[in-house]
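Inspection log for the structure reproduced underneath, given as structure tokens.
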Number of protein chains: 2
Amino acid sequence: MKMSGGVEWALHCCVVLTGATEPVPAARLAAFHDVSPTYLAKQLQALSRAGLVRSVQGQAGGYQLTRDPQAITVLDVVEAVDGRQSAFVCTEIRQRGPFAATPEQCRVPCGIASVMYDADRAWRDSLRATTIADLAGRVGRDVGPETLPRAREWMAGRSG
Amino acid sequence: MKMSGGVEWALHCCVVLTGATEPVPAARLAAFHDVSPTYLAKQLQALSRAGLVRSVQGQAGGYQLTRDPQAITVLDVVEAVDGRQSAFVCTEIRQRGPFAATPEQCRVPCGIASVMYDADRAWRDSLRATTIADLAGRVGRDVGPETLPRAREWMAGRSG
DNA sequence: TTGTTTCCGGACAGTCTTTATCCGAGTTGA
DNA sequence: TCAACTCGGATAAAGACTGTCCGGAAACAA
């Protein structure tokens, strides 16, 4: 079981967009993180479809957050990029084989599936407890307070 | 993000083995669930390596649980088949690009990774809270009490 | 001993998701 | 108008998961 690497990229982008006052092009976000520009664009499109970022086209276009970073949870980003469905998919094994359960018995979900779904819910609850604003604040502490303004300035410049 | 389908098979097998008094061959477990025998064998080998089941070779051989079903958690099975590592892998994006963090700043784990690891821990804690015995008891209630003895008898027969 | 049954491990295709890239459609600003 | 720049979806390559097969070893029965 492995989560899409795009989730990590998307989260970093959201944190960076926290400090942006103007739309930031995808190419600039890719250069900032030193990742594949075209593939990062795909993740940003997913964020756009989910309504987490707004895409501005044209010469001064780019991406910007649609709402306050405090109102965007980590779960929002994960589900936007990686999908909303559970990692576990029940194939209804109980309905197969010589002792297959009857359809009436299968109106209640399989016990194994229930346990997996509960765990999935716990996972999502945990991700929902942290916001992009929380992450941004922590990055500010870890990396030192003087780096953020410089990064913000670099992000605003349209070249180099 | 998708979990290996073998996890579901392995869990069903563990539940079935709960009611067995003798070793059950892999081929019989596969027939019971109507799944690929060779691929199921792979999952059972993983359970064996993890020490959850004992493999008995020879004519009356097969698989049996090594300890009380109450002492085997769902997490044990999941980790045996799907691995013990987190679904999220941090690629240390913060150390790349024009504003790469210094190695000293990276002694503390990345904030994004921390959140993902916390969620992973919550997921595993949830899976650890249910045992194979719990699952077996629930199956007994769902499928009706008369099916289990019949299935047990079928499992004990060495043919058909 | 011999034969049968069974597990074990590795090597091998088929299939699907993830990863990565390109080119066209649409918008902005001059 | 025009040109430059952007996003967006459709299109290939890579890797992981799924599934299969075979040879080898161990245990049991005859």
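Residue B:Tyr39 places no side-chain N or O under 4.0 Å from the OP1 or OP2 atom of C:dG14. OP1 or OP2 of D:dG8 lies within a sub-4.0 Å distance of a side-chain N or O belonging to A:Ser55. In this structure, B:Thr38 reaches the D:dT20 phosphate: one of its side-chain N or O atoms is under 4.0 Å from OP1 or OP2.
Among the atoms of the strands shown, none is found under 4.0 Å from any heavy atom of A:Met3. When heavy atoms are screened at a 4.0 angstrom cut-off, A:Ala26 is found touching the sugar-phosphate backbone but no base atom.
Between the C1' atom of D:dT6 and the CG atom of A:Leu29 lies a distance of 13 Å, rounded to the nearest Å. D:dA26 atom P lies 16 Å from atom CD of B:Gln45, rounded to whole Å. Straight-line distance from the CG atom of A:Asp34 to the P atom of C:dA20: 12 Å, rounded to whole Å. For the pair B:Tyr63 OH and C:dT5 P, the interatomic distance rounds to 18 Å; values are reported in whole Å. Rounded to an integer number of Å, the gap from A:Leu40 CG to C:dA20 P is 11 Å. Rounding to whole angstrom units, NZ of residue A:Lys42 and P of D:dA13 are separated by 16 Å. In this structure, A:Arg54 atom CZ and C:dT27 atom P are separated by 16 Å, rounded to whole Å. Between the CD atom of B:Gln43 and the C1' atom of D:dG19 there is a distance of 10 Å, rounded to whole Å.
B:Thr66 places a side-chain N or O within 3.5 Å of a backbone atom of B:Leu52 that can act as its donor or acceptor partner. A distance-only check finds a donor-acceptor pair linking the side chain of B:Arg28 to the backbone of B:Trp154 [under 3.5 Å]. The closest donor-acceptor contact from the side chain of B:Glu8 to the backbone of A:Thr91 lies under 3.5 Å.
The aromatic rings of A:Phe32 and B:Phe99 sit parallel to each other, their planes meeting at less than 30°, with 60° as the upper class boundary.
Position along DNA chain C of the nearest nucleotide to A:Gly6 versus B:Ser48 favours B:Ser48 as the more 5'-ward residue. A residue-by-residue look at A:Gln57 and A:Lys2 shows that A:Gln57 has its nearest nucleotide of DNA chain D further toward the 5' end.
Each of C:dA11, D:dG8, C:dA20 was ranked by its minimum atom distance to the side chain of A:Ser36; first place goes to C:dA20. Among C:dG9, D:dG8, D:dC28, the nucleotide with an atom closest to any side-chain atom of B:Arg49 is C:dG9. Across C:dG29, C:dA20, C:dC8, the shortest atom-to-atom separation from the side chain of A:Gln59 is found for C:dG29. Of the candidates C:dG9, C:dT19, C:dG29, the closest approach to any side-chain atom of A:Ser4 belongs to C:dT19.
B:Val15 is not listed as a side-chain neighbour of B:Leu11, based on a closest heavy-atom distance of 4.5 Å or more.
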